[in-house]
Amino acid sequence: MTARLLPFALLTALLWLWSAFGLLPLDRWPAWPLDPDHMDISQILLAFGLMPRGVVALVAGAILGLSGAILQVVLRNPVADPTTLGISAGAQLALVMATMLAPGLLEEGRWPVALTGAGLAAGLVLAIGARRGFAPVTMVIAGMLVGMTASAVATAMTLAQGQYLLSLVIWNGGALVQQDWSAVRVLSEVLVFGAIAAALLARPLRVLSLGNEGAAGLGLNVMLVRLLAVGVAAILAAAVSAELGLIAFVGLAAPALARTLGGVSIPRLLSLSPLIGALILSLCDGVVLLVAGQLGEMFPTGALTGLIGGPLLIWLLPRLRGSTPPGTERAEGPSPRRNQPAPLLVGLALALVIAALVLVWIGRVPGGWAVLDAESFAAFLPMRLPRLIAAASAGAALAIAGAILQRLTANPLASPEVLGVSGGAAMGYAGVVYLVATPTAVALTLGTMAGGALALVLIAAFVSRRDMPPERVLLAGIAVSALASALLSAVMAVGDIRSFQILGWLSGSSSAVTMQGATVLAGLATVLWIAALVARRWLAVLPLGTGLAAGLGLPLRLARMQLIGLAGVATGAAIVLVGPLSFVGLMAPHFARRLGLARPGDHLTGAALIGAGLMLTADFGARIAGFPYELPLGLFASLIGAPWLIWLMMRPAR
């Protein structure tokens, strides 16, 4: 089993040695103990820069691999890791808040602050999961919402304080650059703690794998074991975030690869995952060092983990042996069904119109808030009306795409953002910017749609498998999203004017939308809504399963491809104008279901209206909160909708 890892270990060692020999010949390497007073600059760079960097990559990768393995075992969830459960984002938010509001808290180091944030995020996710019997998909929904809200708050605070977004991008990427051996010492102690804790938890976790009732029948304190295991995983993830920043995907990919290599039993999984995690992160860092030797270092190592982990995980998905135990999603409870949805839909439409009128009339000026008079209203209407129409239309289109994907995959977490569609569309946008000398709006739109369609094609390859459970489809989407995110980070790190154009678009803003573009987007959103209503019978039958759908005479392949194309067009058309950061495609369909809009037609219409309202409100907040500067539109959509959805999920299942 471990022999299969030997080629990767040798490749990692060769990449590091290539960088070390390029920096300093072997005969000039400093002797132990390292004394900077008797070294030249090259020896100091090797002894206190490259050497600790190589070790810290191994140690941090092992910590993340162990953290992900513990989370997946204790929650019986193959897509759980510190990123998908919001733990890393909680640590990030705590560090950002401490830096801006209470820098004195960092005098004792960043680790306690990061641990506090990670613990609070993990506690909130566990509290939501406890209300739903720790159902796997529910846990990931809760984790991603908590993580999304924490990241949005952290980024909004950074921008509101006038800081450069680039610094946040670099920290989020996880930079492994070292200046001494302090991070190695701290993370090594954390790894030893994690190894001891994992060894002590191995037996209770084996008992817990029998199920809550079976484990309790054998005398196991299920809640205590679950809290201890999640607490250990949170400590491990927080330590890496405090020392290196956010390094995503390693904790998800390492256990998945460990299962593929034979780590079926819990002890073998817990012992193999750290080894694989160390190799993944070290291999990524070796690639960064190789690029640095040729072109100068441009990329934080964490931003590249998706370049290796994403494609590898996509390739391994059909071979994964672990799966969620059957029946674990029953705790999700049936969605409420409203017998007379028409009054609610009319009310949502009227509320949307009233909100648009109010947001046109009021605003913020240097002297404070103001209600526009008739003359000012006539002057500001040509500027405000296009962005309001564009924001509402984009929100409606994303919500329609999310509702289609959730019904198509029978997965409540499916959305353009989560399933990688927005990431693929962003890659299409970036590709047009870099490959076309003077990209037009039509070229950008077509490129964005093509990128989203390509991501959907990758996901459709897994959806079409009859034995593919919802969480496996989700794992494919996470892998595609990680790959797209890593590629975008690498593209933007070039640093020329095109990178700043992409960075500005990624933040999401409707300020540059013209009336013509807004009208086209509104018309397209209307056409997409009508097309989705025409396909409402397909959307009603597909969630029942492929067997029943085929038995009812549904043309499965045709239905899937047409619905996938419809979702791709809706996503591409929306985000080309307002950016891909909004999670409206995830939140709006959930809100519609919670309001009792269960039938396909009602669900689609309600989701579109809610999505339009969310994005309309987000556009107003983006203009007002950081006045006179405009803040990211997509972040405000997350800030508005995610807390509400978290509160709804905290309510007991019906």
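Bear in mind that the values here come from a model prediction, so they are computed numbers and not experimental data.
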### Query
Minimum heavy-atom separation for Ala254 to Gly277, with atom names?
CB-N, 3.7 Å

### Task
From the options Thr12, Val56, Leu176, Leu58, select the one residue that forms a side chain to side chain contact (heavy atoms under 4.5 Å, CB included) with Asp285.
Leu176

### Summary
Here the gap from Leu75 atom CG to Leu85 atom CG, rounded to the nearest 0.5 Å, amounts to 6.0 Å

### Summary
Heavy atoms of Ala60 and Leu187 approach each other most closely as CB-CD1, 4.2 Å

### Query
Got Leu252 and Thr83 here, is their nearest side-chain heavy-atom distance under 4.5 Å?
no

### Query
Could you give the distance from CG (Leu120) to CD1 (Ile87), rounded to the nearest 0.5 Å?
12.0 Å

### Query
Do the non-hydrogen side-chain atoms of Arg206 and Pro267 ever get within less than 4.5 Å of each other?
yes

### Task
Find the distance between OG (Ser209) and CZ (Arg76) and round it off to the nearest 0.5 Å.
7.0 Å

### side chain to side chain contact (heavy atoms under 4.5 Å, CB included) assessment of Phe591 paired with Leu597
CA-CA 9 Å; Phe591 293 158; Leu597 302 174; over 6 Å; no

### Message
Could you tell me if the side chain of Leu539 sits less than 4.5 Å from the side chain of Leu408, heavy atoms only?
### Response
no

### Message
Is there a side chain to side chain contact (heavy atoms under 4.5 Å, CB included) between Leu95 and Gln92? Walk through the geometry before answering.
### Response
CA-CA 5 Å; Leu95 288 169; Gln92 173 205 18; 5.9 Å; no

### Query
What distance do Leu191 atom CG and Ser67 atom OG have between them, rounded to the nearest 0.5 Å?
11.5 Å

### Query
With side chains defined as the heavy atoms from C-beta onward, is the minimum distance between Val113 and Thr99 less than 4.5 Å?
no

### Task
Can you measure from CG (Leu563) to CZ (Arg407) and round to the nearest 0.5 angstrom?
11.0 Å

#### Entry: Nearest heavy atoms of Val230 and Val74, plus distance in Å
CG2-CG1, 4.1 Å

### Query
Is there a donor-acceptor pair under 3.5 Å between the side chain of Arg338 and the backbone N or O of Leu595?
yes

## Note on the structure
Between the CG atom in Leu398 and the CE atom in Met587, the distance rounded to the nearest 0.5 Å is 10.0 Å

## Note on the structure
The single option from Leu275, Ile276, Leu269, Leu270 that satisfies side chain to side chain contact (heavy atoms under 4.5 Å, CB included) with Ser273 is Leu269

### Message
Is any side-chain heavy atom of His603 closer than 4.5 Å to one of Pro589?
### Response
yes

### Query
Can you find a heavy atom in the side chain of Val584 that is under 4.5 Å from one in the side chain of Ile610?
no

### pair Gln72-Arg259: side-chain heavy atoms closer than 4.5 Å
yes

### Task
Heavy atoms only: give me the nearest Gly606-Ala592 pair and the separation to one decimal.
C-CB, 4.1 Å

### Summary
Exactly one candidate in Leu64, Leu66, Leu236 meets side chain to side chain contact (heavy atoms under 4.5 Å, CB included) with Pro274; the answer is Leu66

### Closest heavy-atom pair and its distance - Ala98, Leu106
CB-CD2, 4.0 Å

### Query
With side chains defined as the heavy atoms from C-beta onward, is the minimum distance between Ile63 and Val59 less than 4.5 Å?
yes

### Query
Taking all non-hydrogen atoms of both residues, which atom of Ala94 and which atom of Gly117 are closest, and how far apart?
CB-CA, 3.6 Å

